[in-house]
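First comes the structure, then the notes that go with it.
Just so it is clear, the structure is predicted and the values come from calculations on it, not from any experiment.
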Amino acid sequence: MDVKKQLLNLKPYQPGKPIEEVKKEYNLSKVVKLASNENPYGCSAEAKQAIQDELNLLAIYPDGYSAALRTNVAKHLGVQEEELIFGNGSDEVVQIICRALLDSSKNTVMATPTFPQYKHNAIIEGAEIREVPLVDGDHNLEAMLQQIDGKTTVVWVCTPNNPTGTYVKKDTLLEFLSKVPKEVLVVVDEAYYEYVVAEDYPQTVGLIEEFPNLMILRTFSKAYGLASLRIGYGIANAELIRKIEPAREPFNTSRLAQVAAIGALNDQEFVAECREKNKKGLQQYYQFCSEKGLHFYPSEGNFVLIDFQRDSDEVFNALLEKGYIVRSGRALGFPTSLRITVGTEKENAEIIEILKDFI
């Protein structure tokens with residue numbers, strides 16, 4: 001049976017090793033997963049209670065329009081309800097954008113390395129991929145501008161960038177947006193927005209009226225701790241949302257995800273506590289890197305990319321044997337680095353001691 005030719009050389013997304021598999025393989029009783037940038041503190045108690053209250057309604061389809069969640073998110077952000085689109089994680093919003101705007105006659109521009117699903121979904125739609133290498137971990141926006149032509153329909157900007165944790169400053173982003181042709185969509189992926197502490201990080205939501213070709217992506221998977229429920233959203237000009245909505249699957253977000261997201265959104269104190277703990281956790285890694293002379297990128301996410309100047313799989317396996325699952329940089333475009341999710345203070349200290357012994 002024939003499938004699209006562009007699928008033949010694509011590989012499915014490869015997540016980090018599951019905890020139970022590692023326990024069995026290495027005969028371990030304790031395994032800590034710091035590979036997928038999940039929140040080590042879980043989610044808000046309000047989200048858990050919301051799920052509990054919804055359990056008697058599992059036989060009923062969810063609201064396909066996510067009306068209650070839409071109202072809550074719109075109020076939280078100060079936008080119109082029509083300026084939102086919800087997805088099965090922000091990953092699905094990426095898929096919706098590609099499905100709506102890309103085909104074999106179009107091209108799309110992105111940094112490299114960056115979040116791989118931009119490229120993955122664009123390839124499925126048959127679009128030409130134009131990748132621009134990072135410079136010192138940062139997006140090279142000037143070079144990305146030069147790649148835009150009459151067939152470009154989408155430009156992707158991941159900030160904070162995964163896997164480097166670097167971000168695009170306010171003035172830099174504004175200059176970039178002012179130069180991108182109005183018919184080209186700029187997608188600013190802010191999956192780690194709630195972890196950001198940089199004072200010059202742009203508040204992008206206020207820009208969607210000025211730039212109708214801007215779309216912002218956010219998620220409840222990271223700081224809100226709802227990764228298993230898969231819910232994220234896009235923010236953009238209402239006309240753009242209306243045009244791409246038909247590419248969204250019906251009932252694409254579950255009842256549990258919608259009510260949990262409302263509960264999580266209403267507990268901003270929990271988010272603030274996680275952000276502060278994450279900031280302190282990053283400092284643990286920064287101090288370790290400074291002591292050992294290891295290069296790292298200062299991160300605005302809940303992860304850090306550290307260059308060990310040796311095969312990243314070697315360091316990855318050394319940690320795996322001790323019960324710590326991280327992300328080898330080999331699959332991320334940094335073959336001598338590890339991307340480590342910031343865990344609890346205790347988990348960070350433990351993994352740092354293992355790394356010290358290994359070095």
Mind running side chain to side chain contact (heavy atoms under 4.5 Å, CB included) on Glu38 and Asn302 for me, showing each step along the way?
CA-CA 8 Å; Glu38 297 145 332; Asn302 67 332; over 6 Å; no
Using atom types as modelled and distance alone, determine if a side-chain donor or acceptor of Glu128 lies under 3.5 Å from a backbone N or O of Lys106.
no
Would you find a donor on one side and an acceptor on the other, under 3.5 Å apart, between the side chain of Asp138 and the backbone of Leu134?
no
Assess whether atom CD of Gln80 is packed by more than 12 heavy atoms of other residues, nucleotides or ligands within 6.0 Å.
no
Glu321 CD to Ile354 CD1 distance, which is reported to the nearest 0.5 Å:
10.5 Å
Taking NZ, NE, NH1 and NH2 as the nitrogens, is one of them in Arg330 or Asp313 under 4.0 Å from a carboxylate oxygen of the other?
yes
Lys346 with Glu350: basic N within carboxylate O range, under 4.0 Å
yes
Looking at Gln287, I'd like to know if its CD atom is crowded, meaning that more than 12 non-hydrogen atoms belonging to other residues, nucleotides or ligands lie closer than 6.0 Å.
no
Side chain to side chain contact (heavy atoms under 4.5 Å, CB included) for Leu28 and Val22? Distances and angles first, verdict last.
CA-CA 8 Å; Leu28 297 167; Val22 175; 4.3 Å; yes
When rounded to the nearest 0.5 Å, the distance separating CD of Glu347 from OG1 of Thr341 is 10.0 Å
Measure across Gly343 and Asn348 and return the closest heavy-atom pair with its distance rounded to 0.1 Å.
N-OD1, 2.8 Å
Check the hydrophobic clustering (I, L, V, M, F, W, Y; side-chain heavy atoms under 4.5 Å; chains of links allowed) and say if Ile231 and Val73 are grouped together.
yes
Charged N to carboxylate O below 4.0 Å: is that the case for Lys280 and Glu345?
no
Pair Tyr167-Asp200, side-chain hydrogen bond (donor to acceptor under 3.5 Å, both in side chains): steps then yes or no:
CA-CA 10 Å; Tyr167 69 102; Asp200 56 352; 2.4 Å; yes
Just wondering, more than 12 heavy atoms not from Glu183 lying within 6.0 Å of its CD?
yes
Euclidean distance, Lys119 NZ relative to Leu10 CG, rounded to 0.5 Å
9.0 Å
Decide, yes or no, whether a salt bridge links Lys75 with Glu81 under the criterion of side-chain N to carboxylate O below 4.0 Å.
no
Atom CG of Leu338 and atom CG of Asp307: how far apart are they, to the nearest 0.5 Å?
9.5 Å
Compare all side-chain heavy atoms of Glu314 with those of Phe358 and state whether any distance is below 4.5 angstrom.
yes
Does the ring centre of Tyr286 sit less than 6.0 Å away from the ring centre of Phe296?
yes
Arg242/Glu245 salt bridge by N-O under 4.0 Å criterion:
no
Any side-chain donor near an acceptor of the partner, Asn161 and Thr166, under 3.5 Å:
no
Is the distance from the ring center of Tyr224 to that of Phe270 below 6.0 Å?
no
Side-chain donor-acceptor pair present, Thr204, Glu190, cut-off under 3.5 Å
yes
Strictly by modelled atom types, are Asp63 and Ser66 linked by a side-chain donor-acceptor pair under 3.5 Å?
no
Indicate whether any N or O donor in one side chain lies under 3.5 Å from an N or O acceptor in the other, for Asn252 and Glu92.
yes
With a cut-off of 6.0 Å (strictly less than), are more than 12 heavy atoms of other residues, nucleotides or ligands near CZ of Arg99?
no
CG/Asn9: more than 12 non-hydrogen atoms of other groups inside 6.0 Å:
no
Closest contact, heavy atoms only, Thr219 versus Ser90
CB-OG, 3.9 Å
Taking Leu305's backbone N and O only, do any of them form a donor-acceptor pair with Arg339's side chain (distance below 3.5 Å, no angle check)?
no
For the pair Lys222 and Glu194, find out whether any cationic side-chain nitrogen is under 4.0 Å from an anionic carboxylate oxygen.
no
Could you tell me whether the side chains of Ser328 and Ser312 share a donor-acceptor contact shorter than 3.5 Å?
yes
Might you confirm whether atom CD of Glu291 has over 12 heavy atoms from other residues, nucleotides or ligands at distances under 6.0 Å?
yes
Do we see a donor-acceptor contact under 3.5 Å between the side chains of Asp189 and Tyr118?
yes
Test log, rule side-chain hydrogen bond (donor to acceptor under 3.5 Å, both in side chains), inputs Trp156 and Thr114:
CA-CA 9 Å; Trp156 307 88; Thr114 192; over 6 Å; no
More than 12 foreign heavy atoms under 6.0 Å from NZ of Lys277: is that the case here?
yes
Look at the side chain of Thr108 and the backbone N and O of Val154, then say whether any donor-acceptor pair between them is shorter than 3.5 Å.
yes
Stepwise side-chain hydrogen bond (donor to acceptor under 3.5 Å, both in side chains) check, Glu125 with Asn121
CA-CA 7 Å; Glu125 300 304 327; Asn121 283 286; over 6 Å; no
Go through the steps for Lys169 and Glu199 under the test salt bridge (charged side-chain N to carboxylate O under 4.0 Å, His left out), then give the verdict.
CA-CA 9 Å; Lys169 296 179 180 179; Glu199 293 183 0; over 6 Å; no
Heavy-atom count around Lys182 NZ within 6.0 Å, excluding the residue itself: above 12?
yes
Is the side chain of Arg130 donor-acceptor paired with the backbone N or O of Ala111 at a distance under 3.5 Å, no angle test?
no
Tyr195 six-ring centre to Arg275 NZ/CZ under 6.0 Å and within 45° of normal:
no
Backbone of Arg310 reached by a side-chain donor or acceptor of Thr336 within 3.5 Å:
no
Rounded to the nearest 0.5 Å, what separates atom CD in Glu21 from atom CD1 in Ile325?
8.5 Å
Working for side chain to side chain contact (heavy atoms under 4.5 Å, CB included), residues Leu185 and Leu240:
CA-CA 10 Å; Leu185 178 64; Leu240 172 62; 3.6 Å; yes
I'd like to know if Lys356 pairs up with Glu353 as an ion pair, taking the criterion as any Lys NZ or Arg NE/NH1/NH2 lying under 4.0 Å from an Asp or Glu carboxylate oxygen.
yes
Which heavy atom of Pro212 sits nearest a heavy atom of Glu210, and at what distance?
CD-O, 3.4 Å
d(Ile96 CD1, Cys98 SG) to nearest 0.5 Å is 10.5 Å
Angle between ring planes, Tyr233 versus Phe86, binned at 30° and 60°: parallel, tilted or perpendicular?
tilted
Any donor-acceptor pair under 3.5 Å from Gln258 side chain to Thr253 backbone:
yes
Do Tyr192 and Phe303 have their ring centres less than 6.0 Å from each other?
yes
Does the cation-pi check pass for Arg70 over Tyr65, that is, NZ or CZ under 6.0 Å from the six-membered ring centre and within 45° of its axis?
yes
Could you tell me if the side chain of Thr159 sits less than 4.5 Å from the side chain of His139, heavy atoms only?
no
With no hydrogens and no angle check, do the side chains of Asn107 and Asp149 hold a donor and an acceptor under 3.5 Å apart?
yes
Shortest non-hydrogen pair, Gln117 vs Val94, comes out as O-CG1, 3.8 Å
